[in-house]
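In what follows, a single structure is set out as structure tokens and then discussed.
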There are 2 protein chains.
Amino acid sequence: MSYQPAVSLAEKISRDLAGRIVSGEIAPGARLRQDHIAVEFGASHVPVREAFQRLEAQGLVENLPRRGVRVAPFSLEDLREVAGMRAALEVLALRNAAPHLTKAILDEAEDATRAGDHAGDVHAWEEANRHFHQLILAPCAMPRLLRTINDLHTASARFLFSVWRAEWETPTDRDHRAILAALRAGDVDAAATLLVRHVEWIGGKYGR
Amino acid sequence: MSYQPAVSLAEKISRDLAGRIVSGEIAPGARLRQDHIAVEFGASHVPVREAFQRLEAQGLVENLPRRGVRVAPFSLEDLREVAGMRAALEVLALRNAAPHLTKAILDEAEDATRAGDHAGDVHAWEEANRHFHQLILAPCAMPRLLRTINDLHTASARFLFSVWRAEWETPTDRDHRAILAALRAGDVDAAATLLVRHVEWIGGKYGR
DNA sequence: CCTTTTAAAATTATAGATAATTTGCGAATC
DNA sequence: GATTCGCAAATTATCTATAATTTTAAAAGG
């Protein structure tokens, strides 16, 4: 566990814990002890507290003042909420990005879809899926919006990993291709509708 | 400056600074010195750092690692971004809240509209306006969504205060009344359309 | 005069100590 | 047996000191 000087210790701890929360290694509801985490990272508890605050800002933990921090639960209600927010915000981002989408971007997005098709496990798939979304949305150039969407992707990933940890089958992502086809044809409305359906699909499948 | 024990010092500092940033007392772009703020509050710099992190999570400041913190700028691009996000998210919240809206809530929302009409200054108006939105949206019972909307209201308030600080005229809020009328008539689609227009109005007026 | 280098000063980040609050357990009471 | 109270232990929050990094100013070189 060697930390490089360019990134602060608090940030490193935050990233490490985020990965373990998202992957399910640290379970929803689990208490995070600042003193124990500090020992684990060979650090003082002060940057651990700062790391907890970062995780809280990402929605991964809940701070219980003076009583510790616990990993945020992730219920089906959360899933639906996240899916709904993603649908609303990603459409907004897509509509603002559409005038700036180039052939190069769309080609790269197609590569990301292909990478997802060939993903060996759920982590690789989630990464390719997120990359696809980032590619088609980033040209909106709205940093607050993109940041919020990214946090929502992280929340989605928690669910994805917990559901598919036992058995993995690569989803053939026809949705991405349909979105790309609509974007290439300049049909932003169709792309937006497809995007909503794509994002809300998991909410609908597991949200009942 | 007396702090009560129930709320942490970091939280208190954060709230005080947030108020001063939103009101414009601390200007966009201004550097916040952790050591100076600590002296001002008679505290150590560690809870000041924690306060800065809270402000960052709210979008009010930008953290420049190892080089300090500065108040987030608020440009017209930001204004448009925030208006767009609010429109998207508030409609989502409203649609999920609508089945749970009672006559009592709508009456209370009407009271809030009236309070806004009689507001003596922009702060009172903003408070009544925010209260109105909170009342009609809270029954969606989606905490992440409501939290995000609240942060966006805070961002909107920054602009409102800076534009209207010199001259104040009470806006007669016909939008709120139209939204309420649609909600009372059970016409959620119309209410949503009106809400979008209401939220995006400032973005459109000042965003060109 | 402009650019680069160096060292000191200033500022931020973290460690370890201390203060404040919460938790847990045993004893007392009903 | 259930509830309440008191106290010690455990845990979190803040303070002070120190370490690490950045900024600034002066000196040196072209």
Side-chain angles (χ1 to χ4, degrees), chain A residues 1-21 25-73, chain B residues 1-21 25-73:
Chain A
M1 195 138 336
S2 72
Y3 291 113
Q4 297 137 12
V7 179
S8 73
L9 185 52
E11 179 65 26
K12 285 181 167 32
I13 295 170
S14 165
R15 287 178 186 173
D16 187 88
L17 293 177
R20 288 152 67 183
I21 290 167
E25 180 187 328
I26 309 180
R31 281 294 177 88
L32 298 183
R33 290 269 303 268
Q34 68 183 11
D35 52 349
H36 287 187
I37 303 283
V39 169
E40 178 184 331
F41 285 93
S44 124
H45 72 280
V46 176
V48 173
R49 288 178 61 83
E50 291 196 10
F52 285 168
Q53 272 191 292
R54 289 158 200 247
L55 294 172
E56 186 185 18
Q58 287 179 277
L60 292 176
V61 303
E62 296 175 333
N63 181 34
L64 313 170
R66 295 185 189 279
R67 294 187 299 141
V69 161
R70 70 166 186 159
V71 175
Chain B
M1 195 141 332
S2 74
Y3 291 113
Q4 297 136 13
V7 179
S8 74
L9 186 51
E11 179 66 25
K12 284 179 167 37
I13 295 169
S14 166
R15 288 179 185 173
D16 187 88
L17 292 177
R20 287 151 68 184
I21 289 167
E25 180 187 330
I26 310 180
R31 281 295 179 89
L32 298 183
R33 290 268 304 266
Q34 67 183 13
D35 52 350
H36 286 187
I37 304 282
V39 168
E40 179 185 332
F41 286 93
S44 116
H45 72 281
V46 176
V48 173
R49 289 177 61 82
E50 292 197 10
F52 285 168
Q53 272 191 292
R54 288 159 199 248
L55 295 172
E56 187 187 15
Q58 286 179 276
L60 292 175
V61 304
E62 297 176 330
N63 181 34
L64 312 171
R66 297 185 187 277
R67 294 187 299 139
V69 161
R70 70 168 185 156
V71 174

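Every chain is numbered from 1 and lettered A, B, ... according to where its sequence line falls, protein lines coming before strand lines.
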Find which nucleotide of DNA chain C each of B:Gln34 and A:Arg31 is nearest to by heavy atoms, and output the residue with the more 5' nucleotide.
B:Gln34
Figure out the [atom1]/[atom2] separation between [X] and [N], and round it to whole Å.
| X | N | atom1 | atom2 | answer |
| --- | --- | --- | --- | --- |
| A:Asn63 | D:dT12 | CG | C1' | 10 Å |
| A:Phe41 | C:dA15 | CZ | P | 12 Å |
| A:Leu32 | D:dT11 | CG | C1' | 14 Å |
| B:Arg66 | C:dT12 | CZ | C1' | 7 Å |
| A:Leu64 | C:dT21 | CG | P | 17 Å |
| B:Ile37 | C:dT12 | CD1 | P | 10 Å |
| B:Asp35 | D:dT23 | CG | P | 14 Å |

Donor-acceptor under 3.5 Å (A:Arg20 side chain, A:Arg15 main chain)
no
Whether the side chain of A:Gln53 engages the backbone of B:Glu50 through a donor-acceptor N/O pair (distance < 3.5 Å, no angle test) should be reported.
yes
Where is the tightest heavy-atom contact between B:Ile26 and B:Ala30, given as atom of each residue plus distance?
CG2-CB, 3.9 Å
For residues 55-63 of chain B, run the donor-acceptor check on the side chains, cut-off 3.5 Å, and write out each pair with its distance to 0.1 Å, sequence neighbours left out.
| unit_1 | atom_1 | unit_2 | atom_2 | d |
| --- | --- | --- | --- | --- |
| B:Glu62 | OE1 | B:Arg70 | NE | 2.8 |
| B:Glu62 | OE1 | B:Arg70 | NH2 | 3.0 |

Audit row: B:Phe41, B:Val48, side-chain contact (heavy atoms from CB on, under 4.5 Å) steps and yes/no
CA-CA 9 Å; B:Phe41 286 93; B:Val48 173; 5.5 Å; no
Counting side-chain heavy atoms from C-beta on, which of C:dT23, C:dT14, D:dT12 comes nearest to A:Arg67?
C:dT23
d(A:His45 NE2, A:Ile37 CD1) to nearest 0.5 Å is 13.5 Å
Show each protein N/O and nucleotides 15-18 of chain D N/O combination with a separation under 3.5 Å, one pair to a line.
| unit_1 | atom_1 | unit_2 | atom_2 | d |
| --- | --- | --- | --- | --- |
| D:dC15 | OP2 | B:Ser44 | N | 2.7 |
| D:dC15 | OP2 | B:Ser44 | OG | 3.3 |

